[in-house]
Structures are given as C-alpha cells and as structure tokens.
Amino acid sequence: MGPVIVITGTPGTGKSSHATRLVEESPVPLQHINVGEWVKERGWYEEFDEEWQSYTVDEDKLLDELEPIVAGGGIILDWHTCEVFPERWADLVVVLRCDHSRLWERLEKRNYPLKKIQENNEAEIMQVVLEEARASYPPEIVVELKSESTEDLEANIGRIVDWIVAWKRDRASE
Ligand SMILES: Nc1ncnc2c1ncn2[C@@H]1O[C@H](COP(=O)(O)OP(=O)(O)OP(=O)(O)O)[C@@H](O)[C@H]1O
C-alpha cells in the first residue's frame with residue numbers, strides 16, 4: 001500500500017503540476033485526485049456561486065465518497081484546502097508557496113475575475129493555507145515548499161520522492 005499525500009496551496013501555486021510530475025516519478029504507484037475537478041464532475045456540491053465563480057462543496061458527500069478510495073492508499077489529494085480531510089488520512093501534507101506577484105500573473109493568465117485574483121493573492125500573503133495545514137495536522141508531517149520556478153518544482157519532486165522511499169523502507173521493516 002502506498003502513502004496518502006496531500007498537496008495543497010493557494011490556487012495557482014502549482015499543485016496539479018506537482019501532482020502530475022510526482023505520479024511519473026514516484027517509486028510506488030500513486031493516483032492523482034484533483035479534488036476540485038472531482039467535485040464538479042461527480043456533483044459533490046450544493047450550488048454554484050456566481051459571484052465567486054466557484055462551487056459550494058458538499059463536504060459530507062465528498063468525505064463519504066473519498067473515504068474508501070483513500071483507505072486503499074497510494075493517493076495524492078490535490079486541493080486548495082486541506083482542513084476538510086480527517087487528520088488520520090494524511091501521511092504527508094505538502095503546502096506549496098509562491099511569491100504573490102508571480103501568483104497574480106499566473107491567475108491573470110487564467111482570466112480569473114479580479115475579485116478572485118485579489119482574494120487568492122491576499123490568502124497567499126496571509127499564508128492562510130499554511131496556517132490551516134498547521135492547525136489540522138501534526139507538525140512533523142506538514143512541509144512548506146517554494147513553487148516559483150521549474151527548478152523549485154524539480155527539487156520539490158526530488159524531496160517528496162526521497163520521503164516516499166523512506167516511508168516505504170520504514171513500512172518494510174515494521
Ligand atoms: N514551480 C513552478 N514553476 C513554474 N511555473 C509553475 C510552477 N508551479 C506552477 N506553475 C504554473 O502556474 C500555473 C498554475 O499551476 P497549477 O495548475 O499546477 O496550479 P494549481 O495550484 O494546481 O492551481 P488550482 O488550485 O487552480 O488547480 C500553470 O501555468 C503552471 O505551469
């Protein structure tokens with residue numbers, strides 16, 4: 001059985017880019033779950049908020065549906081929030097960080113409404129997701145990683161792969 005790795009961070013910090021690379025590089029098979037996409041595709045939401053252009057997630061449904069999948073291990077949970085997931089699910093929580101002006105450019109390229117860019121930009125400055133991760137999981141499993149360049153991305157993947165190798169070794173010797 002593989003580990004459950006949560007990759008979180010403000011929208012645009014590079015969660016999906018990291019998850020995609022990690023699936024390719026991981027020494028154990030991992031399934032990438034882009035939780036936001038699953039919410040949309042599988043209807044795990046209560047409504048679509050026009051003003052914020054986002055879905056109001058049905059958290060009970062999401063947890064019920066994900067529980068048996070996560071229980072099998074070998075999962076990357078890719079989402080901009082992590083406090084919803086039960087603490088027991090995660091073996092590692094990666095919080096991606098990005099300089100806010102760079103993040104602004106990335107979000108502008110996606111044609112996000114200005115209000116949404118501002119909200120996300122502010123959340124990154126206030127390190128909302130990092131605080132959320134620290135409040136929700138034991139400190140030893142929360143790792144903050146910079147995601148501003150492709151060099152950062154490659155270095156981060158290397159670190160996570162090393163962590164998986166150690167995780168596997170620890171399990172084998174138990
Ligand atoms: N470390 C990085 N170096 C260079 N470009 C990056 C890096 N991380 C992300 N990007 C770029 O930023 C954009 C957003 O990346 P990505 O879609 O992976 O972010 P995300 O956090 O998954 O966003 P969302 O939460 O909206 O799904 C993409 O164009 C991606 O190529």
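Read the numbers this way: they start at 1 and go in the same order the structure lists the ligands and their atoms. In this text the structure is predicted, and so the values were computed from the model without any measurement.
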*Asks:* Which residue from G14, G9, S16 reaches closest to atom 27 (O) of ligand 1 through any of its heavy atoms?
*Replies:*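 Ranked by closest heavy atom to atom 27 (O) of ligand 1, first place is S16.
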*Asks:* Would V94 end up clustered with V161 when hydrophobic side chains under 4.5 Å apart are linked, directly or stepwise?
*Replies:* yes
*Asks:* Are any of the N/O atoms in K15 less than 3.5 Å from those in ligand 1?
*Replies:*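 For ligand 1, there is an N or O atom that lies under 3.5 Å from one belonging to K15.
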*Asks:* With a 6.0 Å cut-off (strictly less than), is the heavy-atom count around NZ of K116, excluding the residue itself, greater than 12?
*Replies:* yes
*Asks:* Within the distance-only criterion (no hydrogens, no angle test), does the side chain of E144 pair as donor or acceptor with the backbone N or O of L96 below 3.5 angstrom?
*Replies:* no
*Asks:* Heavy-atom pairs closer than 4.0 Å: do any link ligand 1 to the side chain of W79, the backbone, both, or neither?
*Replies:* neither
*Asks:* Hey, which atoms in ligand 1 end up nearer than 4.0 Å to a heavy atom of Y112?
*Replies:*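 With Y112 as reference, the close atoms of ligand 1 come out as 26 (O).
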*Asks:* List ligand 1 atoms under 4.0 Å from T13, heavy atoms only on the residue side.
*Replies:* 8 (N), 21 (O)
*Asks:* What is the nearest protein non-hydrogen atom to atom 8 (N) of ligand 1, stated with its residue, atom name and distance?
*Replies:*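 It is S147 OG, 3.3 Å.
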*Asks:* Which residue owns the protein heavy atom closest to atom 15 (O) of ligand 1, what's the atom, and how far is it?
*Replies:*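 The answer is S17 OG, 3.7 Å.
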*Asks:* At under 4.0 Å between heavy atoms, is it the side chain or the backbone of K109 that contacts ligand 1, or both, or neither?
*Replies:* neither
*Asks:* For R171, I'd like to know if atom CZ has over 12 heavy atoms of other residues, nucleotides or ligands within 6.0 Å.
*Replies:*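 Yes - once you tally the heavy atoms of other residues, nucleotides and ligands closer than 6.0 Å, there are more than 12.
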*Asks:* Counting only heavy atoms on the protein side, is anything nearer than 4.0 Å to atom 25 (O) of ligand 1?
*Replies:*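 Flag for atom 25 (O) of ligand 1 set to true, protein heavy atom closer than 4.0 Å.
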*Asks:* Please answer whether the main-chain N or O of I117 pairs with a side-chain N or O of N121 as donor and acceptor at a distance below 3.5 Å.
*Replies:*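 No; zero donor-acceptor contacts below 3.5 Å.
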*Asks:* Do you know which two heavy atoms are closest between W89 and V4, and how far apart they sit?
*Replies:*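 For W89 versus V4, the nearest heavy atoms are O-CB, 3.2 Å.
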*Asks:* What protein heavy atom sits nearest atom 1 (N) of ligand 1, and how far off is it?
*Replies:* S149 O, 2.9 Å
*Asks:* May I ask which of K146, R106, E105 has a heavy atom nearer to atom 12 (O) of ligand 1 than the others do?
*Replies:* R106
*Asks:* For E122, I'd like to know if atom CD has over 12 heavy atoms of other residues, nucleotides or ligands within 6.0 Å.
*Replies:* no
*Asks:* Can you find an N/O atom of R110 closer than 3.5 Å to an N/O atom of ligand 1?
*Replies:*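 Yes, since at least one N or O of R110 sits under 3.5 Å from an N or O of ligand 1.
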*Asks:* Are I76 and I141 grouped together when hydrophobic residues (ILVMFWY) are joined by side-chain heavy atoms under 4.5 angstrom apart?
*Replies:* no
*Asks:* Determine the minimum heavy-atom distance between S136 and E83, stating which atoms define it.
*Replies:*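 Looking at all heavy atoms of both residues, the shortest contact is OG-CB, 3.4 Å.
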*Asks:* For ligand 1, is G12 a contact, meaning one of its heavy atoms is under 4.0 Å away?
*Replies:*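 In this structure, G12 qualifies as a contact of ligand 1 - some heavy atom is under 4.0 Å.
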